[in-house]
Each structure stands twice: as C-alpha cells, then as structure tokens.
Amino acid sequence: MKRTLGWSDRTILIAAGFFFITPFLAAGEYSLRGYGGKGHTFANYTWILHQLGFGPALLTSLRIAGVSVLLLLFLMIPTVVYVQLGGRRWARLIEILCLLPIVIPVVSLAIGAQVAMPKRLQSTSYELCFFYVIICMPYVYRTLNTGLQAIALPTLVEASSSLGATPVKTLVLVIIPAIRSATLGAAFITFAISMGEYALAVLLHFHTLPTWATNAAQENLYGSVAISIGSLFSVWFLLVLFSYLPAIKGALQNKKVKVT
Amino acid sequence: MDIHGSTVEFHGVTRKFGNVVALNDFSLKIKPGELVTLLGPSGCGKTTALRILAGIDKEHSGVVEIDGKDMSSIPANKRNIGMVFQAYSLFPNMTAQENVEYGLRVRGVDSVARSKRASELLELVGLASQSARRSTQLSGGQQQRVALARALAIEPSVLLLDEPLSALDAQVRSQLRDEIRRIQKTIGITTLFVTHDQEEAMAVSDRVGVMNKGNLDQIDSPSHLYNKPKTPFVAGFVGLTNVVPAVAQSKNEVLVLDQVLDISEHAPSLVKGEEVKALIRPEAISIEKAAKGAVVITKSFLGPMTRIGIDVGLHDLIYVELTSKEAKKIDTGDHVEVTISSDSVMVTHA
Ligand SMILES: Nc1ncnc2c1ncn2[C@@H]1O[C@H](COP(=O)(O)OP(=O)(O)O)[C@@H](O)[C@H]1O
Ligand SMILES: [Mg+2]
C-alpha cells in the first residue's frame, strides 16, 4: 500500500525533521571546535579516549546494557507469547504491570526498589540491570506485542507442537526468529536506555559511562558534547548495522533463488 | 516411505466452551488407511474434533485412541500426528526445505538424512524446484503443498487436514484436492479431513461424516449419504434437497403434493395421519407443461443442467433439475404438472 504525501504532510515532516536535526548539527559542529572555539578538529574526540576512567566506565555500561537486554528478552518474550496464546484473561493485568514503570519516578524506584534487592546484588553494578529491566519494560512490551500480533502465532505454535517440538524449541526455533525485527527493536531500546541512563546510576553511586561523562564534562565543555554525540552515533551505528544485517543476509540468499 | 495406517477412535468425546457444546458425545472409528471427512457448516465442531485428536485441546471428556492406545496422557508433541492448517502455517523464517525438515530436526535426525527426506517429500508434492523459497515467495497452493510435505515428513500415524483448501481459488482447489487424495492413497495413511464444502468431501473421501451443532448426524460413504440421508439436515447439506410437508396415509404411504407415494423401500413405519417431512432430490421430480397448476418462477442455467424453481403453493419453492436441452421448452411463468418418482423419496419425523 503506497500513499503519496500531501503538501501539508510534507511541511510537517520537514518542520519536524528540521526541529530534530538542527540541535544535532549544532552539537556536532560545537563538538568539533578547536581550543578556544577556533577552527575545527577531532581533538575533543581523541581527548575522550585519553581520559582517566573512560575505558572502565564504557565497559561497565556495555556490560550492564548487555545483561539488561538479555534479562528483559528472557523475561518478556515468554510472557508476551503466553498472554497472546491463552493467558488472555491475564492480559489486562500484565499489560498494566508492564506499563506501570512509565508513571513511577526514577527516584522513588531507586530508593524503594533498592531495598527489595538481595544484599549480594546491591553491592555490584549488576543491580542496575534490574532497574533498567523495569524502566524498559513498557517499551519492550509494546514492541514485542506488536511483533507477535503480526504473525499467525497460535497456528505456528500448534504446527510446531504437532511436528514434535517442545514449547522451548518452538520458542527458540520458530517464534523468536519470526519476530526477529521486533526482538531487535526491543533489544535496541533497552540497550540505548541502559547505556544512557544517568539518574539511577548516580543515585546508587555506580560509575557508568553517563556518570563518568558528567564528571569529565566539568573539565572540558567541548569534550562533554563530543561524548554525547559520540555515544549517540555509536549506538545509531550499531542499530543500523544490526537492523540491516538480516536484510543483507536475506538479499544474498534470495539471489540464489530465481523468482519467476 | 513406510507409513502404516493406524486406527483412530473417538469414544463419546464431549467438549464445551462455557455454554456452547462444541462437540457432543462424539464417537467415530477410522480404519487404517481410510480417509474420513467431517463435513458441516462453520462452527459445528469440526476443528474442535481435530484439535482434540491432535492433543492441542485436552479439556474434553471421553477418550481418544490411536491403534487402541488411550491418548489422554500423551501431549501433542508426542502423538506423531501430521497436521495441515487452513492457511499461514509455514514457519516464516524458514525456506520450504527447512519447513519440511523441521519435524525431523526437533527429533534430532542428522542433517544429511533429513535433507534427503525433505527432498523426497517436496518431490512428492511437486515442489522440488522451489525448495529454497520462503513462504512469502510461494503461492497459496504451493504453501499448502509444503505444509502437507512437512506434515508427512515425520511419518505420522495419522494425518489431519483442517480445511486445507479453503483459502485457495477454485481451480487450484480442485487440483490440490485430487492430489491430496492421490498422495494419501499412495502412502496409505489414515486421514481425517475437515471441510464445509460438500463437493470437496464427496470427491476425496472413503466416508463422510456430516456434523451439525457438535453432533455427528450421519457417517457413510459419499453415495450412501447422498441417496439415503438420515436427517433433513444431512439431506440439505449433501446436495440440494426439497423438504416438503407430507402426511402419512398408511404404514408405507405418504401424501406429498397431492400424490400418494409408496415408500416402503425405505422402511419408514409411519402412523396413519402423522405429519412428516418428505426429502425429495431435484432429480426425482419431473415436470410436464400444463394449462394450470404450479408456476415456474426461476430458471438457472448450471451448464449441462438447468435448475427450475416452482411455486407449488408451499412457503418455499421446490427445485427441479432438467438437462439444459429439456429445459429449453420451459419458461418462467409457465404452468407445469409436477410428478415425483417414489424411489428416492425419504421421510423424516423431524
Ligand atoms: N477457544 C474457544 N473459545 C470459545 N468457543 C470456542 C473456542 N473454540 C471453538 N469454540 C466454539 O465451539 C464451536 C465449534 O467450533 P469449531 O470446532 O472451531 O467449529 P468448525 O471448525 O466446525 O467451524 C463454535 O461454536 C465455536 O464458537
Ligand atoms: Mg474450523
């Protein structure tokens, strides 16, 4: 189904795009300014790499984000599948629970929920993963739900089961591949939020990339903008890479099949 | 391929959804290698019966047996039953070949053996050249062929087909229908086929069971079902039937449309004066032009045959089928005299 855009649609799109892109361009330009605001150079970016603590902070954030993604997918995919397959009477309750974190302020989460975490967990930065799981749940729930609604889930599950697959095999071999783009989308939202989250990390005194960046920024204003732009683009780069990977692979495979 | 047909038995199976009785005391025995069709309108419980046999639906009373073995404690993925669904059941992330291999893959068969077997099956359903395609690159008919190959790949003891042709267009439908029957006979697999299309049911089946609101009204060979329907519902569902009020004149005779017919051949055992319904096939009625009497209201050309609707003074028209050549002589508005031949008239008390 193709729809042509009317002039009003175009105007809105262009205006919104302008609104969206201008700050990035401005920030990008700013981050490239030389010492004292003169000339343009990559010095601010190379500066980042030489800052004390950058490497460990980046690693911590990557680790936390990775674990959050895995935890969340592990938790949410079976849940959403279950809701769609017959747990319909629980659907409303689960939906409300999953959307609830949107309205809970992060501060109250940090103070309230932290007490509920096991002692052993409280002393490691992995504690943050559990908070990020909560924060990202609404977006992930929506994304996965939409993805599952787009496939003939009950039929696929029944087909797989009648062919001898256990529920776990069905999940891994049929369902997850069938909703790959939704799964990737959910993974990226979680990854991006976990990489960029600041308030919780600071409140709980963990050293992640955003907390490190805030400290570092106090010495070098250009550098701090370079950090934001740099992290933004690296996440974007990953996102584009991963979302095009299946398409590229698929295109290569399709070349072998002549479509008549 | 060595699939040995199994015996399938339903013993008094009942399934309720709230107040809806989807399946009511359903009993059926399918012989090894037999193809039995469940025929009935939408919502009569056909799918429910299949799902219970497949083990997908376990909330039922009564017993299902395969080769005499009670299936109650056996989950769907251990029943070894091949299923083909109405549509869209191919795994979207896999090629045709991978779909067919899937059942063997989850059984841990090594890749060489399963690839060989999948190729054989795709060959059998005429899709050997399409093995690398995904479902989006296959037509509806091709997808159903792959689904059939996939179901057969696990050498199932029973094959279940739930309206596998209903999403296809007419030509593909009759072609694939014949092919399913050919393959089923070649392999000799016990098959339960479900459809709401009586022509399809008649064409492929050893026996057809007509279902009505969760009940199995009658199960018989296609010709028996057509010629000796037990209920008006069956008569109406299997081919066109006129249902006409009649009054018993004696144990063996009824008065229908001013004619007394001897129907002792169908052993009705009527009580004189009893009001019954006569089920009359269109081909059992002949008409003759007359000066007055019944009036021809409709005339529809069906190819070699033409169907004529006649107002005989009842609430509904009665329908007659003539060869199109004969029908040329008759026009709408003509008066006709109606004669019924008694040998294929049935009565019911309903
Ligand atoms: N999951 C369900 N929940 C409630 N009612 C159902 C469900 N499945 C089937 N039914 C009801 O059971 C009856 C039989 O359904 P089904 O076996 O699917 O009919 P068919 O396949 O002959 O069209 C219908 O009245 C249907 O509404
Ligand atoms: Mg059905």
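The chains referred to below are lettered A, B, ... by the order of the sequence lines, with proteins before strands, and numbering in each begins at 1.
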Among residues 46-58 of chain B, which residues come closer than 4.5 Å to chain A, judged by heavy atom distances?
-> Arg51(B), Ile56(B)
Closest approach of Met94(B) and Val174(A), non-hydrogen atoms and distance?
->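 Closest pair (atom of Met94(B), atom of Val174(A), distance): CE-CG2, 4.2 Å.
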Leu90(B) versus Leu156(A), closest heavy-atom pair with distance =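 It is O-CD2, 3.5 Å.
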Can you tell me which portion of [X] sits under 4.5 Å from chain A's heavy atoms? Options are side chain, backbone, both or neither.
X	value
Leu104(B)	neither
Ile81(B)	backbone
Ala87(B)	backbone

Does Phe17(B) CZ have over 12 foreign heavy atoms under 6.0 Å away?
->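 Yes - once you tally the heavy atoms of other residues, nucleotides and ligands closer than 6.0 Å, there are more than 12.
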For Trp236(A), look at atom CH2 and say whether over 12 heavy atoms of other residues, nucleotides or ligands are found less than 6.0 Å away.
-> yes
So which of Gln86(B), Met83(B), Arg79(B) has the biggest tally of heavy-atom pairs under 4.5 Å with chain A?
-> Met83(B)
Chain B-proximal positions within residues 157-165 of chain A [heavy-atom distance under 4.5 Å] =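 Listed by number, the contacting residues are Glu158(A), Ala159(A), Ser160(A), Ser161(A), Ser162(A), Leu163(A), Gly164(A), Ala165(A).
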Anything in residues 137-151 of chain A with a heavy-atom distance to chain B below 4.5 Å? Please list those residues in order.
-> none
Output the distance between atom OG1 (Thr155(A)) and atom OH (Tyr88(B)), rounded to the nearest 0.5 Å.
-> 10.5 Å
How many angstroms lie between CG in Asn93(B) and CD1 in Ile176(A), if you round to the nearest 0.5 Å?
->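 The CG atom of Asn93(B) sits 11.0 Å away from the CD1 atom of Ile176(A).
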Only counting residues at least two apart or in another chain, list the ones meeting side chain to side chain contact (heavy atoms under 4.5 Å, CB included) with Thr79(A).
->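 Thr79(A) satisfies side chain to side chain contact (heavy atoms under 4.5 Å, CB included) with Ile94(A) only.
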Contacting region of Ile175(A) [heavy-atom separation from chain B under 4.5 Å] = neither
